[in-house]
Protein chains: 2
Amino acid sequence: MVEELDQRKRRILQAIIQEHIISASPIGSRTLAKKYSLDVSPATIRNEMADLEDMGYLEQPHTSAGRVPSDKGYRYYVDKLLRREEQDVNGIVKNIEELYQNLQNVQDIISNMAKMLSNMTHYTALVSEPKSQVSRLKKVELMQLEDNSLLLVFVTDTGMVNNKIINLGQNLSLRKISYLNKYLSDKLENKLLADLDVDYLNSLEKELLSRLDLSLELFNQFYNEFEGAFEPGSVKVYLGGTSYILEQPEFNDLKRLKKMLKVLDQEEMLSKIINSISGSGLEIKIGQENDVEDIKNCSLVVATYYISNRAVGKIGVIGPTRMEYPRVISSVDIISDILGNLISKASG
Amino acid sequence: MVEELDQRKRRILQAIIQEHIISASPIGSRTLAKKYSLDVSPATIRNEMADLEDMGYLEQPHTSAGRVPSDKGYRYYVDKLLRREEQDVNGIVKNIEELYQNLQNVQDIISNMAKMLSNMTHYTALVSEPKSQVSRLKKVELMQLEDNSLLLVFVTDTGMVNNKIINLGQNLSLRKISYLNKYLSDKLENKLLADLDVDYLNSLEKELLSRLDLSLELFNQFYNEFEGAFEPGSVKVYLGGTSYILEQPEFNDLKRLKKMLKVLDQEEMLSKIINSISGSGLEIKIGQENDVEDIKNCSLVVATYYISNRAVGKIGVIGPTRMEYPRVISSVDIISDILGNLISKASG
DNA sequence: TTTTAGCACTCGGCAAACGAGAGTGCTAAC
DNA sequence: GTTAGCACTCTCGTTTGCCGAGTGCTAAAA
């Protein structure tokens, strides 16, 4: 399937892709010969192009149009032709980090990084919140707000702070609250969230009920809120620069544009998209390689970001398959680094 | 400017608007005569239409097209021709409220109501968070997270919960924290946020510095976070159903669509839009009446929502001037009610 | 055997031309 | 004051024809 191409074919394929990334339209043999010093005539290029098409690296929108790279073509380009520029980015990273150092709140950091990334790449950026499964609970506390309402606050070591107001029918004495806090602290803090499953929480409930005469209601509410906040599906996805898709000529078609915007409008969809990337490093999905039906004409460049060496979330961009991969790849790389660092710092 | 129209003109204007709201295209005298039993011939209608155009209630996209209502026409329609259906909505309100009763978190409530409203109206919904100026601080508390980081939590009586992680260079003893909590509680709780201005906070700082030998750093951070969260400009605006604008034929034009989407992509813009509505009840801005340049071909239907009788935020929809006003108005009315109630309940 | 020049052919896109349809304004009759 | 009739206007969709870019093939050149 993935044959080796000879030198000339590689150069031609690369030239076509480069040209197409700029022009967004089919590339003909003539233009190619003129703009790139391939030292062969258009006719020869034509023959090579026909070969490349047979092999599946190029496509022809219709007879007598130029050629357009196929998904396979892009895949080859990304895997074999792209030399990742090991640019010296330390300076950049430092600069951006300093610029955003005053952001203390994880949500703010994420949405700012989404914006940053989209501005750098001119594509729409996607970032998922740190996922709860690999987070540890750092702090749980109930605070009394009013006679019959409590505020439940919990903080994870990935810096996520959640809070819920719990309304009770009943009044809870300060003593009981303080007892509860100590108890919950003991039983929950420093635990991996993945371990706080239904069974474990149930066992806590029983124990608590026997020790304090708490109404079941409190625990139910507590339980719901608590569980709800951490369930796997509930990771939020942040979007940045939605309007950049408008700049892409492939979405000048109204129907396509609508489809795309609808996808970006649905949170479940976004979550599906970004969770379809399973790897731990930087991953690229090109066109048909995507699992999600509605983005099979898009490419995804996604990196994992880390907090104290744990893979906690994803950050990436989505755009047309005709994407400026080199630039995008290094941007995603950089920003994923920065994101991890900023969150680490902010969450102590 | 706003003359009285005779009976026949009113009926014709109303018919044109109704028809245009359905068809989204210019209405001719013939169609009107056929579909509405106006008991006059097309020729007569033509004469009336010419009059209405002279008066500014109608517009003609070009000679020999039908007429289209102008902003002024819609204004007249909304003010004089629309009889607000005093439908019995108590049942609906109850139902929806029950449906969403389990939402405890103000942000969730808001974003759900934005979705709900957009689904009901099929236009894009805008909702602003409860504004801080009219909120009272219900609870302030510092919790220790780790040796040198604190979590600052504050809750307003409008149910907004804010939290910030504060990193200190220095370690703070539990005694000091508890002293601080008591002090801040004393000085800040139950105060109107509008009163917590720079002067007041400065005076606190001085007092605190003299009593505890707190590093200035803590207070600075505290102060920044605290102030930042409450500053007037920082009210978030929630969007619901962005993709509904895609269904409006007036945005089938790519250029217009792009412009609109760009507006909705910018948070400051949204904030400007929704804050341009100053009234306390339900307000309608039609086309040119809007202050914000980029939405001068849109209409806005916005209501204020209340928490314990204080006007705290706005909720509304944005769509083409050709809007289904009656339906939209009652939907916005209902949902603004529900929103206020839900938040009131959730925040105790 | 590989490369190239030449040539006929194909197709999309654009602009001009055209007719149908919907609508108007005006005039004159009712 | 209302209506019928008519000439006129303008948009929109369709058709037509043409240009340009590009291809594939063949035969000649290297």
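The basis for the numbers below is simple: all heavy atoms, side chains too, and nothing from hydrogens, waters or symmetry mates. The model shown is predicted, which means the values in this text are computed figures rather than measured ones.
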Between CE of A:Met49 and C1' of D:dT23 the distance, given in whole Å, is 10 Å

OP1, OP2 of D:dT2 versus side-chain N and O of B:Thr44: anything below 4.0 Å? no

For A:Ile318 against A:Cys298, the heavy-atom pair lying closest together: CG1-CB, 4.1 Å

Taking OP1 and OP2 of D:dA4, is either one under 4.0 Å from a side-chain nitrogen or oxygen of B:Arg30? no

Among C:dC11, C:dG23, C:dT4, which nucleotide has an atom closest to any side-chain atom of A:Ser64? C:dC11

When you measure from the side chain of A:Gln60, which nucleotide among D:dT23, C:dA5, C:dG25 comes out closest? D:dT23

B:His62 has an atom NE2; how far is it from atom P of D:dT9, in whole Å? 13 Å

Do the side-chain N or O atoms of A:Thr63 get closer than 4.0 angstrom to the phosphate oxygens (OP1, OP2) of C:dC11? yes

Is there a side-chain polar atom (N or O) of A:Ser29 under 4.0 Å from OP1 or OP2 of D:dG22? no

Using a strict cut-off of less than 4.0 Å between a Lys/Arg side-chain nitrogen and an Asp/Glu carboxylate oxygen, indicate whether B:Lys272 and B:Asp291 qualify as a salt bridge. no

Check whether any side-chain N or O of A:Thr31 sits under 4.0 Å from OP1 or OP2 of D:dG22, and answer yes or no. yes

What is the distance from CG of A:Leu52 to P of D:dT23, rounded to the nearest Å? 12 Å

On DNA chain D, nearest-nucleotide positions of B:Ala65 versus B:Arg8: which is more 5'? B:Arg8

Other residues, nucleotides and ligands only: do more than 12 of their heavy atoms fall within 6.0 Å of NZ on A:Lys9? yes

Heavy atoms only: give me the nearest B:Arg322-B:Tyr123 pair and the separation to one decimal. O-OH, 4.0 Å

If I take atom CG in residue B:Leu38 and atom C1' in nucleotide D:dT2, what distance separates them, rounded to the nearest angstrom? 14 Å

So B:Tyr74 and B:Tyr325, would you call those rings parallel, tilted or perpendicular, with 30° and 60° as cut-offs? tilted

Taken to the nearest whole Å, CG/A:Asn47 to C1'/C:dT3 is 9 Å

Taking only the side-chain heavy atoms of A:Arg67 (C-beta and beyond), determine which of C:dT24, C:dT3, D:dG24 contains the nearest atom. D:dG24

Using whole Å, report how far CZ of B:Arg46 lies from P of D:dT9. 16 Å

Rounded off to whole Å, could you give me the CD1-to-C1' distance for the A:Ile16 and D:dA21 pair? 15 Å

For B:Glu19 and C:dA22, what is the distance between atoms CD and C1' respectively, to the nearest whole Å? 14 Å

